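What follows is a single structure, written as structure tokens, with notes after it.
Quantities reported herein were computed from a predicted structural model and do not represent experimental measurements.
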Amino acid sequence: MPTVKTTKDKILELFKKEISLSVKELTDFLNMTDMAVRKHIHTLEKDGLIRSEHHKQSIGRPIQRYCLTSKGNRLFPNNYESISVEFLKDIQAIHGDESINQLFKKREERLTNDYKKRITRATNKEKVEEMVKIQNEKGYMAELRQINENQYEMTEYNCPIFAVANEYHIACQCETNMFKQVLATDQVERVQCRAEGDNHCKFSVHFSDEVALKV
């Protein structure tokens, strides 16, 4: 059975997606009363999962906004153990830069093969929807938005290998290449990247006008 999300879970996910929120914004997102939201905010602050900050406005008093703390961010999936930065640096020191490139290309090939097993003989829409489903299973908190019949926008609100990608940007390049191969389109562009200072990773996916194979 699917896990039922508590209000606490929903609030934390909103902070992960939106970066910072005011109490008013939270009440709008959750359709809750101001008092109920403030009660949850107080508990999350007390637990050290969120912190407050004041934002200046052009007119009026500064507004209080809230965001995740490091402790709060750690609640979201991170697969750092499976491919540690320290281990990669040791390999690089012993075998040189090309060894790192080979490792990530090998990972790209493996992921491409794994994803292709699940994304077969589907329409373009079905392919990109399944891609998002797989990414969510891996902890990327991915969301899909359809721009038009042939164009989609995929946003990843979490990066389970951020420590690695932040040190080795080839990890991001390989992920983009993998998307191109699995979705069978060269028109996949990473328009935002956390490893380059953006809040989230965002991809623009464009398919040709050719009719995709249907199941």
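The number of heavy-atom neighbours closer than 6.0 Å to CD of E149, taken from other residues, nucleotides and ligands shown, is 12 or below. Around atom NE2 of H42, no more than 12 heavy atoms belonging to other residues, nucleotides or ligands sit under 6.0 Å away. Other residues, nucleotides and ligands contribute only 12 or fewer heavy atoms inside 6.0 Å of the CG atom of D186. Atom NZ of K180 has more than 12 neighbouring heavy atoms from other residues, nucleotides or ligands inside a 6.0 Å radius.
Taking 4.5 Å as the limit, some side-chain heavy atom of E108 sits within range of a side-chain heavy atom of Q181. Between I11 and L44 there is a side-chain heavy-atom pair separated by less than 4.5 Å. Looking at heavy atoms from C-beta onward, N136 lies out of side-chain contact with K133 at the 4.5 angstrom threshold. Contact annotation: the side chain of M154 approaches that of M131 to within less than 4.5 Å [non-hydrogen atoms, C-beta and beyond]. Contact of the Q151 side chain with the V205 side chain is not registered, since no non-hydrogen atoms from C-beta on lie closer than 4.5 Å. Contact annotation: the side chain of V23 never approaches that of Q64 to less than 4.5 Å [non-hydrogen atoms, C-beta and beyond]. No side-chain heavy atom of N199 sits under 4.5 Å from any side-chain heavy atom of R194.
Looking only at distances, no side-chain donor or acceptor of S22 sits under 3.5 Å from a matching main-chain atom of R65. For S99 (side chain) and G96 (main-chain N/O), a donor-acceptor pair under 3.5 Å exists by modelled atom type. Between the side chain of N148 and the main chain of N150, a donor-acceptor pair closer than 3.5 Å is present. Side-chain N or O atoms of N158 include one that pairs as donor or acceptor with a backbone N or O of G139 at under 3.5 Å. Without hydrogens or angle criteria, D198 side chain to C193 main chain gives a donor-acceptor distance under 3.5 Å. Side-chain N or O atoms of H200 include one that pairs as donor or acceptor with a backbone N or O of K17 at under 3.5 Å.
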Walk me through it: do E137 and R118 pass the test salt bridge (Lys or Arg N to Asp or Glu O under 4.0 Å)?
-> CA-CA 13 Å; E137 291 172 4; R118 289 185 52 175; 2.7 Å; yes

Step by step, work out the side-chain hydrogen bond (donor to acceptor under 3.5 Å, both in side chains) result for Y66 and E53.
-> CA-CA 6 Å; Y66 299 85; E53 52 189 23; over 6 Å; no

Could you walk me through whether K5 and E13 pass salt bridge (Lys or Arg N to Asp or Glu O under 4.0 Å), step by step?
-> CA-CA 10 Å; K5 291 183 180 179; E13 285 195 1; 3.0 Å; yes

Begin from the C-alpha positions of E109 and T112 and carry the test side-chain hydrogen bond (donor to acceptor under 3.5 Å, both in side chains) through to its verdict.
-> CA-CA 5 Å; E109 292 173 8; T112 298; over 6 Å; no

Can you list the steps and then say if T6 with D9 is a side-chain hydrogen bond (donor to acceptor under 3.5 Å, both in side chains)?
-> CA-CA 5 Å; T6 65; D9 294 332; 3.1 Å; yes

I would like to know whether E156 and K202 meet side-chain contact (heavy atoms from CB on, under 4.5 Å); could you show each step before the answer?
-> CA-CA 6 Å; E156 295 177 344; K202 185 174 291 187; over 6 Å; no

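In summary, the side chains of R190 and T176 do present a donor paired with an acceptor at a separation below 3.5 Å, with no hydrogens or angles considered. Between the side chains of Q146 and E129, no donor-acceptor pair of N or O atoms lies under 3.5 Å.
How far SG of C201 is from CD of E196: 9.0 Å, rounded to the nearest 0.5 Å.
Ring-plane geometry between Y152 and F207 is classed as perpendicular, the angle between the planes exceeding 60 degrees on a 0 to 90 degree scale with a lower cut at 30.
When each of Y115, F203, Y140 is paired with F179, the ring pair (Phe, Tyr, Trp, His ring centres under 6.0 Å) condition holds for F203 and for no other. Among I119, L144, V182, V188, the single residue meeting the side chain to side chain contact (heavy atoms under 4.5 Å, CB included) criterion with V128 is L144.
Between C174 and F104 the shortest heavy-atom distance is SG-O, 3.6 Å. Minimum heavy-atom separation, L12 to L68: CD2-CD2, 3.7 Å.
Under a 4.0 Å N-O distance rule, the pair K127/E130 does not qualify as a salt bridge.
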